[in-house]
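Notes for the one structure printed next.
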Amino acid sequence: MPWKELTSKKRDEFEDILEERRLSSDLRYAMKCYTPVIYKGLSPCKPNAIKSAVLHSEQVQYVIKQLAKEMGESPDIIQEEATEILDEMGHRMQLGAVRFFAFTLSKIFKQLFQRVCVNEEGMQRLQHAIQEHPVVLLPSHRSYVDFLMLSYLLYTYDLALPVIAAGIDFLGMKIVGELLRRAGAFFMRRSFGGNKLYWAVFAEYVKTMLRSGYAPIEFFLEGTRSRTAKTLTPKFGLLSIVMEPFFKREVFDTYLVPISISYERILEESLYAYELLGVPKPKESTSGLLKARRILSDNFGTIHIYVGQPVSLRTLASGRINRCPYNLVPRHLPQKPSEDIQEFVSDVAYKMELLQIENMVLSPWVLVAAVLLQNLPAMEFELLIEKTLWLKGLTQTFGGFIEWPDNLCAKKAVLSGLTLHSNIAGLVDGHVVLNDKGVEDGAVGEIVFRHALAVLMCATYRNQLLNVFVRPALVAVALQMAPSFRKEEVYSCFNFLRDVFSNEFIFFPGISLKDFEEGCFLLTKCDAIQTSQQEIYPTDKGSGTVSFLSAMFRPFVEGYQLIFRYLSKEMKEAFTEKQFIPGVRNFVFQLLEKGSTQCYEALSSDMQKNALSALVQLGAVKKKKMPSGVTYSVNQEAVSKILDMFDARIPVQKPVAARL
Amino acid sequence: MAAAAGEAAGGGGGSPSSARRRLRIISGHLRGSPRAPGRGALSPSPCKAQGGSAGPASGSIPKKRQELLKWNGWGYNDSKFIFNKKGQAEFTGKRYRLGGMVLPTFKEWIEKTFGASLEHKTTSRASLNVNDVPPSIVNEEFLQDLRATKISYSQDAEDRVFRAHGHCLHEIFVLREGMFKRIPDIVVWPVCHEDVVKIVELACKHNLCIIPFGGGTSVSSALECPEEEKRTIVSLDTSQMNRILWIDEKNLTACVEAGIVGQDLEKQLAESGFCTGHEPDSMEFSSLGGWVATRASGMKKNIYGNIEDLVIHIKMVTPRGIVEKNCQVPRMSTGPDIHHFIMGSEGTLGVVTEVTIKIRPVPEYQKYGSVVFPNFERGVACLREVAKQRCAPASIRLVDNAQFQFGHALKPQVASIFTSFLDGLKKFYITKFKGFDPNILCVATLLFEGDREKVLQHEKQVYDIATKFGGLAAGEDNGQRGYMLTFVIAYLRDLGLDYYVIGESFETSVPWDRVLDLCRNVKERIVRECKEKGVQFAPLSTCRVTQTYDAGACVYFYFAFNYRGISDPIHVYEQIERAAREEILANGGSLSHHHGVGKLRKRWMKESISDVGLGMLRSVKEYVDPNNIFGNKNLL
């Protein structure tokens, strides 16, 4: 499955949309004649008409009748309930609200960002796509700015504004929630797995809008904002909803549009770091938002938005879907997707995320952060520049999309990065150091916390490289882990790592060997390794690259080991996630205080959760769903065995690799 | 169905005057051969062949088919579309209502729709080149045995080529520009059931392959000879078995030899005041046996039923012997109905020789009608409602906008200024006053049959329903033209072929709730595939809902495109047709409603009827015909 082109990708040019805004009146812009391009088959209708269509749809009516029968209630009561759900959920897109946002966001964005760069060709492709078939917009999710920015962008380019699946927590914000609703947001509860009525109403609401081509549908595959700037593994629920009309042939095709939004500096960066360290995220509230006003005086650099090539669902599905299940049951009956459909949905989700990653713009600062994190506590400025430049080349070899103007010299690039991120790092006596101010006179705990904060913030930027690097880097790590250079053994290690880190990084399901080959290919391309018939070994020239790559991923290798150790030693009884996170945090914290580890990133709750689910997937931890919640119990022996594999004390099980 | 039949039975059928009227109705669109059916065909008669050679052909279609029918196209030699000296389209001949008429807007339509131009012309070879025809290889011993039976036969190249094909696009293309790799080695003309028994016995004795041939109107590659067939291929032409053996007025049945073609059957029954009411679009040429072998469907099935509803008794000669039931009853519970092994067997099991079929008194009154709908969706909703209320007229069809415009292009020159003025007024009323978009609206055509009073009542009921769906009555004339089109549209392909336009129709059946999605998606798929396959001009991709049932509908697609600039148009055409079929199946449509499977659609059989289902059919074939005498390789 050639899902990724390795040879030089051609990418579009960027345009700064703020430039125009800085030159002309925002008010006139907000009041401009807005006649968006719409779907060719659209029969225009009002948001309320959609709600009523949903309520009276066969699908929802069927579930209402079912439930009425099951619960012995009158259908009217359940219908009433459905109406309430719809009212809670439904958007009320209004041009007035859109114009209000167009005006205020212009002001705010100009204040916050230097530039907002968009690939115009992508917008043109999107424009065609919107007219042709229903469109699903799948942006990456790093910040609340994402969906505001995207709607703003579509308004600017005179495209149909999307309806956006937003978390219901926004509704907790007075005024803002309603304002978002009028700008096209619809709200979904965080979990509604058990609630049949909610599921039916929600799914039908989304599908009705999709089928009629009412508006592009926008949601985040990652489900939530990634606090680490690393792409989160995809959620499948909404994706399978929007794919269903095509499976049932209610639409001819559906376009999925991956959109990569990258921030030179993420608005929420410090909030995220606190959150990862266990300081709870503030609830969304309007007053909180007002307090956040002070960030308006700050500079958040440039945003790059890359609108990817619309992907035809029909093309993806061609030859893959057994049509029988959909032909033998009336289409309005709720139907659990067959296994091959579920597998297909998952493949598509991963493919879309990989496309997001592929087109995600990387700023020079990302490179700086990656280099810096390997050279703490301080790094000579000149060396940093040199290494950054070297890493730029490597990143480009690996297919990373670096936005680095031709005329920009390395020194300037690094300096401007340091200026923009002065809260994270700074230049002291010709050396670059992390900015963990207030450390000197604090208690040990305070020092560790401060430093962890800085490391995690810095890691947020390095993390943007990881999914580009993960395949060659895991080969590099495997090379160091494996007892010999024999291909099978290196591959076994690679495969093991890929399994362990399957929640941490994005791998297309089931193509371990292909990933391995790609990793090897890229390492060969940059002269870091050589391969013979049986062996893979680092070249003399390439040892620097190999060790850089493995150092890049060391926080994960070490962090996972720490977390696994905690689980194998400390967790004798069944536990919940709520017990696990603080437990492991304390465990790591103590080790850091003692100085017996330097792995600050193991404090990240994100890594802790991922490590736990990795063990669940590997069968070393049992996950049980109880009425009170999910509990976990550790199979000590299995976890120790995995730990031993990490240490290469015992060989990892050999996967079958026929084509090696 | 039973209710409708009961009602019609009360009508005043059987009188000579109504028979004459019925005849006129049929000849209205058919205008049959001038020869009168010269034989008292209504008594059980012994085999014609007894005591001598085959009797004179009495049907509309002669033994030497090429004398009357085109050898490289559809239908009668004298009937075709041409562009006259003024560059206007014209339909020649006197057989059809359209005959001799000038169609002033047709040229523009063809240019606009296909980007075709009269300057770019291809020509078929003028006549069959006998030297290209594969030689006839027939074992002398068999010939001796055959001669002994006195059954008429021919090894003439033209006769053999004529029976080597149906009317699929690629078959016609081969006739025009190439030659079939394998054709029958010999044509035999049995004149009765006993002849067929003898032929099948000889075939078993000499290990030959028999391919039954009825009307030759197959559009599923069913008549194509398997290239790898090494045995002598005998084309068993049933056309001389064309007598009505008896008519049973008490039970309203008739026993008919299977080779009779539709128009002769109706003509001859009409002489006694009866009809079968089975009118597939190919009824001028297709045969009773062919209908049975392919599970045919007729335009007026709403009153008369499809072939499976009409058949009371079938006699079929197989290598195992003769298969038939022991009585002529409306229904029996004796295990799975053996008729259903025969119907749709597509010549793989044996030859159908005699069929007892239900007959009805010729209806007293017939009336066409039409309704314009603002769009296709409303039209389908109306048809669905009509089906729901079970008040469908004899025929009700809904054509989409493209087909409506196509029908419009076939409007003959109007005779007077007054009619043209009237037409203008109508158009004004519908588009301006009622706000119908001429590029979106669609038309349903209707045909009512029965006694006058009931027809009028029925008509009102249907029009009332149509009104609820925004329909406007659009006159008898439009309706009638719609049905006439059915018969002449097949001729159109030959004209298209002369101007780089190739096309074909295909059909499916689909549940009501999926009709709209299927129509839209299949049409779109065709347009897409054309673009992808490098077709330089937008194709004609159009459909109509042609039959309504309780649980669904039959949908018919026309698809044609201008292939200028494409080196292998037939291959491209077949790829697109295949994609369209995939699309149909993905949309919950069937592999075929009435065209059958043949060899064209075999690849989807397993998916269509499951592994076990296919195995069931195979085991029947193995038992009935273990040596694959009926080796046309259809279906399985």
Side-chain angles (χ1 to χ4, degrees), chain A residues 39-45 53 56-59 61-62 128-129 131-134 204 207-208 210-213 243-255 310-335 338 340-341 344, chain B residues 374-378 380-381 384 400-401 437 439-440 470 508-532 541 543 551-552 555 575 578-591 603-613:
Chain A
Y39 175 54
K40 63 176 179 203
L42 176 72
S43 34
C45 63
H56 296 108
S57 68
E58 280 178 302
Q59 287 81 345
Q61 286 297 321
Y62 176 83
H128 286 296
Q131 292 172 71
E132 230 181 311
H133 300 299
E204 192 51 31
K207 285 188 279 186
T208 302
L210 182 109
R211 278 191 294 251
S212 63
M243 283 163 80
E244 205 185 88
F246 170 72
F247 293 148
K248 294 186 170 173
R249 292 302 194 275
E250 292 160 341
V251 296
F252 183 78
D253 198 353
T254 302
Y255 277 128
V311 178
S312 148
L313 180 54
R314 172 174 277 268
T315 310
L316 291 177
S318 136
R320 274 204 60 170
I321 304 301
N322 175 10
R323 42 211 174 199
C324 209
Y326 291 101
N327 286 348
L328 291 180
V329 178
R331 292 186 293 181
H332 67 272
L333 298 193
Q335 203 180 345
S338 64
D340 66 328
I341 291 285
F344 177 64
Chain B
N375 57 43
F376 193 64
E377 290 74 15
R378 303 285 278 165
V380 170
R384 204 280 161 267
D400 69 359
N401 184 266
D437 182 340
N439 293 311
I440 294 178
T508 187
S509 48
V510 59
W512 276 116
D513 70 316
R514 296 176 197 243
V515 169
L516 282 175
D517 288 333
L518 181 133
C519 290
R520 180 196 62 231
N521 290 343
V522 172
K523 286 196 275 187
E524 171 124 21
R525 178 76 180 263
I526 289 171
V527 172
R528 285 267 202 120
E529 292 285 333
C530 280
K531 215 184 271 173
E532 273 167 35
S541 169
C543 72
V555 181
Q575 282 180 313
R578 186 173 158 184
R581 182 58 61 182
E582 289 282 347
E583 191 63 37
I584 286 175
L585 296 174
N587 279 273
S590 64
L591 187 53
R603 75 175 101 231
W604 292 288
M605 268 302 271
K606 195 168 114 181
E607 178 187 342
S608 290
I609 63 170
S610 82
D611 258 342
V612 177

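Chain identifiers are assigned alphabetically (A, B, ...) following the order of the sequence lines, protein sequences preceding nucleic acid strands; residue numbering begins at 1 within each chain. Note that these values count all heavy atoms, side chains included, but never hydrogens, waters or copies made by symmetry.
- The most heavy-atom pairs under 4.5 Å with chain A, out of B:Gly588, B:Pro511, B:Ala586, come from B:Ala586.
- Evaluation of the side chain to side chain contact (heavy atoms under 4.5 Å, CB included) rule for B:Ala580 yields B:Phe506, B:Val522, B:Ile526 as partners, not counting sequence neighbours.
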So which N and O atoms of chain A and chain B form donor-acceptor pairs under 3.5 Å?
{"from": "A:His133", "atom 1": "NE2", "to": "B:Arg528", "atom 2": "NH2", "distance (Å)": "2.5"}
{"from": "A:Arg249", "atom 1": "O", "to": "B:Asn521", "atom 2": "ND2", "distance (Å)": "2.9"}
{"from": "A:Glu250", "atom 1": "O", "to": "B:Arg520", "atom 2": "NH2", "distance (Å)": "2.7"}
{"from": "A:Arg314", "atom 1": "NH1", "to": "B:Glu583", "atom 2": "OE1", "distance (Å)": "2.6"}
{"from": "A:Arg314", "atom 1": "NH2", "to": "B:Glu583", "atom 2": "OE1", "distance (Å)": "3.1"}
{"from": "A:Arg314", "atom 1": "NH2", "to": "B:Glu583", "atom 2": "OE2", "distance (Å)": "2.7"}
{"from": "A:Arg323", "atom 1": "NE", "to": "B:Glu607", "atom 2": "OE2", "distance (Å)": "2.6"}
{"from": "A:Arg323", "atom 1": "NH1", "to": "B:Glu582", "atom 2": "O", "distance (Å)": "3.4"}
{"from": "A:Arg323", "atom 1": "NH1", "to": "B:Glu582", "atom 2": "OE1", "distance (Å)": "2.8"}
{"from": "A:Arg323", "atom 1": "NH2", "to": "B:Glu582", "atom 2": "OE1", "distance (Å)": "2.9"}
{"from": "A:Arg323", "atom 1": "NH2", "to": "B:Glu607", "atom 2": "OE1", "distance (Å)": "2.9"}
{"from": "A:Arg323", "atom 1": "NH2", "to": "B:Glu607", "atom 2": "OE2", "distance (Å)": "2.9"}
{"from": "A:Tyr326", "atom 1": "O", "to": "B:Arg514", "atom 2": "NH1", "distance (Å)": "3.2"}
{"from": "A:Tyr326", "atom 1": "O", "to": "B:Arg514", "atom 2": "NH2", "distance (Å)": "2.8"}
{"from": "A:Asn327", "atom 1": "OD1", "to": "B:Gly588", "atom 2": "N", "distance (Å)": "3.3"}
{"from": "A:Asn327", "atom 1": "ND2", "to": "B:Leu585", "atom 2": "O", "distance (Å)": "2.9"}
{"from": "A:Val329", "atom 1": "O", "to": "B:Arg514", "atom 2": "NH2", "distance (Å)": "3.2"}
{"from": "A:Arg331", "atom 1": "NH1", "to": "B:Asp517", "atom 2": "OD2", "distance (Å)": "2.9"}
{"from": "A:Arg331", "atom 1": "NH2", "to": "B:Asp513", "atom 2": "O", "distance (Å)": "2.7"}
{"from": "A:Arg331", "atom 1": "NH2", "to": "B:Asp517", "atom 2": "OD2", "distance (Å)": "3.0"}

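- Heavy atoms of B:Leu585 lying under 4.5 Å from chain A belong to its backbone as well as its side chain.
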